[in-house]
Amino acid sequence: MKSAFLRRGGDAPVSPRKTVTGSSAATPILDWKHPRVLGFTAEIRDVGAGAERAFLITAHRFIAARVRPVYALNETQPASTTLGLERGSCSQRLALLEAVARGYGIATRVRGLLVDGRFWHPRFPRLRALIPRQVVLAWPEFLLGDQWVPVSELYGDLGTLQVGGRFTNTGGETLFDAIARTAVDWDGSTCSSCDLSGHVLTDLGYFDSRDDLFGKHGQTLCLPIRIPADLMMSR
């Protein structure tokens with residue numbers, strides 16, 4: 001995939017920002033009207049009712065506890081399926097968080113990032129051959145009041161979170177889990193230990209939904225390759 005925004009010579013990636021209003025509408029991926037997701041949202045609401053940020057933090061904790069992390073490659077999997085399987089990749093669990101947010105009336109959008117596949121090598125040292133060279137990552141943002149808040153700042157600003165130490169992408173902690181503890185900094189705005197900007201090949205800009213992002217840029221792997229790779233990696 002070629003892009004005018006590909007970083008060159010170590011320069012910081014350009015962020016092609018445009019006016020993206022986001023939405024709270026259901027989509028094929030963010031299918032919050034599915035009975036399974038509606039029930040899950042109601043369960044979270046019973047515990048985390050009140051301020052929108054508090055609700056999202058409660059939702060994040062519920063998903064972390066309920067949905068087991070795996071490495072999976074189907075970016076268009078509906079949130080209801082992820083919830084039913086009780087397992088999902090970072091992207092699939094983030095999609096579930098977005099679906100729950102939309103079901104609560106919070107608009108969401110995503111920032112598309114093309115990330116170097118070597119970012120995941122420390123997690124899978126024996127399976128590096130199965131990891132794509134480039135991974136399209138949908139990084140959610142939530143409209144809280146009149147401000148768009150990235151999922152990485154759900155628990156606080158990056159400057160405060162950076163004291164939690166760096167995300168190593170090893171062991172049991174995933175990106176989805178790390179945002180509760182430390183700064184996940186794709187722009188290099190914090191300390192060097194939390195700076196993940198060196199793994200970003202291209203900033204693809206903002207999209208009203210992850211459906212739009214993957215509709216325009218496609219999934220990381222084509223279907224014939226994705227199915228067997230997904231079966232192997234999801235274990």
Side-chain angles (χ1 to χ4, degrees), residues 7 11-17 20 22 24 41 44-45 47-67 69 88-102 104-116 119-120 122-123 135 137-201 203-207 210:
R7 61 160 61 206
D11 295 334
V14 178
S15 178
R17 303 189 178 216
V20 173
S24 60
T41 304
I44 298 167
R45 184 185 290 113
V47 176
E52 292 177 332
R53 185 186 292 266
F55 171 82
L56 290 175
I57 289 174
T58 301
H60 179 266
R61 290 171 176 166
F62 266 57
I63 294 168
R66 186 77 57 85
V67 182
S89 66
C90 278
S91 181
Q92 291 166 349
R93 293 198 291 167
L94 286 171
L96 178 55
L97 181 61
E98 282 186 79
V100 168
R102 290 190 174 204
Y104 194 68
I106 301 171
T108 77
R109 68 181 185 182
V110 296
R111 178 185 181 188
L113 299 170
L114 188 66
V115 180
D116 191 331
F119 176 61
W120 284 272
R123 182 173 297 278
V135 176
L137 179 66
W139 200 245
E141 297 190 354
F142 306 90
L143 186 60
L144 303 180
D146 59 354
Q147 181 179 4
W148 284 105
V149 177
V151 68
S152 46
E153 296 184 51
L154 193 58
Y155 285 81
D157 64 85
L158 295 182
T160 301
L161 288 169
Q162 68 182 359
V163 300
R166 65 190 295 262
F167 172 68
T168 61
N169 210 3
T170 59
E173 186 179 58
T174 68
L175 278 172
F176 181 90
D177 302 307
I179 63 169
R181 178 188 63 82
T182 188
V184 177
D185 178 10
W186 298 112
D187 297 296
S189 60
T190 62
C191 61
S192 59
S193 64
C194 295
D195 180 6
L196 301 180
S197 63
H199 301 285
V200 178
L201 301 174
D203 188 331
L204 300 172
Y206 289 83
F207 298 81
R210 62 182 52 234

- request: Could you tell me which non-hydrogen atom of Arg210 sits nearest to which non-hydrogen atom of Ala138, and how far apart they are?
  value: NH2-O, 3.4 Å
message: Could you measure the distance from the OG atom of Ser189 to the CG atom of Leu158? Nearest 0.5 Å is fine.
response: 5.0 Å
task: Keeping the roles fixed (side chain from Gln162, backbone from Thr190), state whether a donor-acceptor pair exists under 3.5 Å.
output: no
Heavy-atom pair of closest approach, residues Ala178 and Phe167: CB-CD1, 3.5 Å
task: State, to 0.1 Å, how close Asp157 and Gly159 come at their nearest heavy-atom pair, and which atoms those are.
output: OD1-N, 3.0 Å
field: Option among Ile63, Ile44, Val100 that satisfies the side chain to side chain contact (heavy atoms under 4.5 Å, CB included) test with Thr58
entry: Ile44
query: Could you state the interatomic distance from OG1 (Thr41) to CZ (Phe62), rounded to the nearest 0.5 Å?
result: 11.0 Å
task: Quick one: do Trp139 and Leu94 satisfy side chain to side chain contact (heavy atoms under 4.5 Å, CB included)? Show the steps, please.
output: CA-CA 8 Å; Trp139 200 245; Leu94 286 171; 3.9 Å; yes
Separation between CZ of Arg102 and CZ of Phe142, rounded to the nearest 0.5 Å: 10.0 Å
Distance, nearest 0.5 Å, that separates CG of Leu113 from CG of Asp203: 5.5 Å
- prompt: Can you tell me if Arg93 uses its side chain to pair, donor with acceptor, with the backbone of Phe176 under 3.5 Å?
  reply: no
task: Could you check Val67 against Gln92 for side chain to side chain contact (heavy atoms under 4.5 Å, CB included), going step by step and ending with a plain yes or no?
output: CA-CA 10 Å; Val67 182; Gln92 291 166 349; over 6 Å; no
message: For the CG atom of Leu196 and the CG atom of Leu175, what is their distance to the nearest 0.5 Å?
response: 7.0 Å
query: For the residue pair Phe119 and His199, does the interplanar ring angle fall in the parallel (under 30°), tilted (30 to 60°) or perpendicular (over 60°) class?
result: tilted
query: Which pair of heavy atoms, one from Val149 and one from Leu154, lies closest together, and at what distance?
result: CG1-N, 4.4 Å
task: Mind listing the closest non-hydrogen atom pair of Ser197 and Gly188 along with its distance?
output: CB-N, 3.7 Å
field: Sub-4.5 Å side-chain heavy-atom contact between Glu173 and Pro69
entry: no
Shortest non-hydrogen separation from Leu161 to Gly156 and the atoms involved: CD1-O, 3.3 Å
message: Regarding Asp177 and Thr174, do their side chains bring together a donor and an acceptor under 3.5 Å, going by distance alone?
response: yes
query: Is it true that a side-chain atom of Arg111 and a backbone atom of Glu141 form a donor plus acceptor pair closer than 3.5 Å?
result: no
- request: Could you tell me the separation between the CZ atom of Phe55 and the CG atom of Leu144, rounded to the nearest 0.5 Å?
  value: 11.5 Å
query: Arg181 side chain to Arg166 main-chain N or O, any donor-acceptor pair under 3.5 Å?
result: yes
